[in-house]
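Next up is a structure, given as structure tokens.
All values derive from a computational prediction rather than experimental measurement.
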Amino acid sequence: TTAPGTLIGTVSNVQSKGATTFRAPNGDPGVLVATSNGIGCWDALCTHQGCTVGYVQGSGVLQCPCHGATFDLASGEPLDGPAVDPVPVHPVRARDGWIEVAAPETP
């Protein structure tokens, strides 16, 4: 489990690969993706039946290989397929060239 404040990768590594995986703060697999808006971080378990989703390079979506659900990178919301719930977005921030899991924002 990755606690807030934990360094999980370098900005340059994610940018060069387009995406990379890690263990999310809730214990699930997570995926970091370099987007046009920076680096985003999502839970990598499909909310339909728990298969591990992956980033489809250049598509702007996370996709489940089991039943075809896709999730929007901006919001985590399902775009199509059997999933109806969004994948959780994990807050991250860049610090000194590293990506750090941030504490969840409180309302």
Side-chain angles (χ1 to χ4, degrees):
T1 302
T2 307
T6 301
L7 302 176
I8 55 175
T10 65
V11 172
S12 61
N13 186 38
V14 176
Q15 289 173 333
S16 68
K17 290 181 175 180
T20 192
T21 59
F22 75 106
R23 182 69 47 195
N26 62 3
D28 291 345
V31 60
L32 291 164
V33 179
T35 70
S36 59
N37 295 326
I39 293 176
C41 182
W42 297 266
D43 203 276
L45 288 183
C46 181
T47 56
H48 175 237
Q49 289 189 339
C51 294
T52 302
V53 301
Y55 173 61
V56 179
Q57 190 73 26
S59 69
V61 300
L62 298 174
Q63 185 172 34
C64 178
C66 295
H67 301 106
T70 58
F71 300 88
D72 180 66
L73 286 183
S75 64
E77 292 290 329
L79 298 172
D80 59 31
V84 294
D85 295 318
V87 290
V89 176
H90 296 288
V92 292
R93 65 177 164 243
R95 183 172 59 93
D96 298 327
W98 287 87
I99 301 165
E100 173 182 58
V101 174
E105 295 180 15
T106 54

Practice problem: For Val89, enumerate each residue passing the side-chain contact (heavy atoms from CB on, under 4.5 Å) test, keeping only those at least two apart in sequence or located in another chain. | Solution: Trp42

For residues 50-65, tabulate all N or O donor-acceptor pairs below 3.5 Å that involve a side-chain atom, not counting sequence neighbours.
from: Tyr55; atom 1: OH; to: Gly58; atom 2: N; distance (Å): 3.1
from: Ser59; atom 1: OG; to: Val56; atom 2: O; distance (Å): 2.5
from: Ser59; atom 1: OG; to: Val61; atom 2: N; distance (Å): 3.1

Which pairs would a plain distance check flag for residues 27-37, meaning a side-chain donor or acceptor within less than 3.5 Å of a matching protein atom at least two apart in sequence or in another chain?
from: Asp28; atom 1: OD2; to: Asn26; atom 2: ND2; distance (Å): 3.3
from: Thr35; atom 1: OG1; to: Asn37; atom 2: N; distance (Å): 3.1
from: Thr35; atom 1: OG1; to: Gly38; atom 2: N; distance (Å): 3.4
from: Thr35; atom 1: OG1; to: Gly38; atom 2: O; distance (Å): 3.1

Self-check item: Candidate pair Leu7 and Arg95, rule side chain to side chain contact (heavy atoms under 4.5 Å, CB included), full reasoning
Solution: CA-CA 9 Å; Leu7 302 176; Arg95 183 172 59 93; 3.6 Å; yes

Quiz prompt | Pairwise distance OG1(Thr10) to CD1(Ile39) - rounded to 0.5 angstrom | solution = 8.0 Å

Expected list for residues 67-76: side-chain donor-acceptor pairs under 3.5 angstrom, two or more places apart:
from: His67; atom 1: ND1; to: His48; atom 2: ND1; distance (Å): 3.4
from: Thr70; atom 1: OG1; to: Asp80; atom 2: OD1; distance (Å): 2.8
from: Asp72; atom 1: OD2; to: Ala74; atom 2: N; distance (Å): 3.0
from: Asp72; atom 1: OD2; to: Ser75; atom 2: N; distance (Å): 3.0
from: Asp72; atom 1: OD2; to: Ser75; atom 2: OG; distance (Å): 3.2
from: Ser75; atom 1: OG; to: Glu77; atom 2: N; distance (Å): 3.1

Self-check item: Closest non-hydrogen atom pair between Ile99 and Val14, with its separation
Solution: CD1-CG2, 3.5 Å

Self-check item: side-chain contact (heavy atoms from CB on, under 4.5 Å) against Asp85, all qualifying residues, sequence neighbours excluded
Solution: Thr47

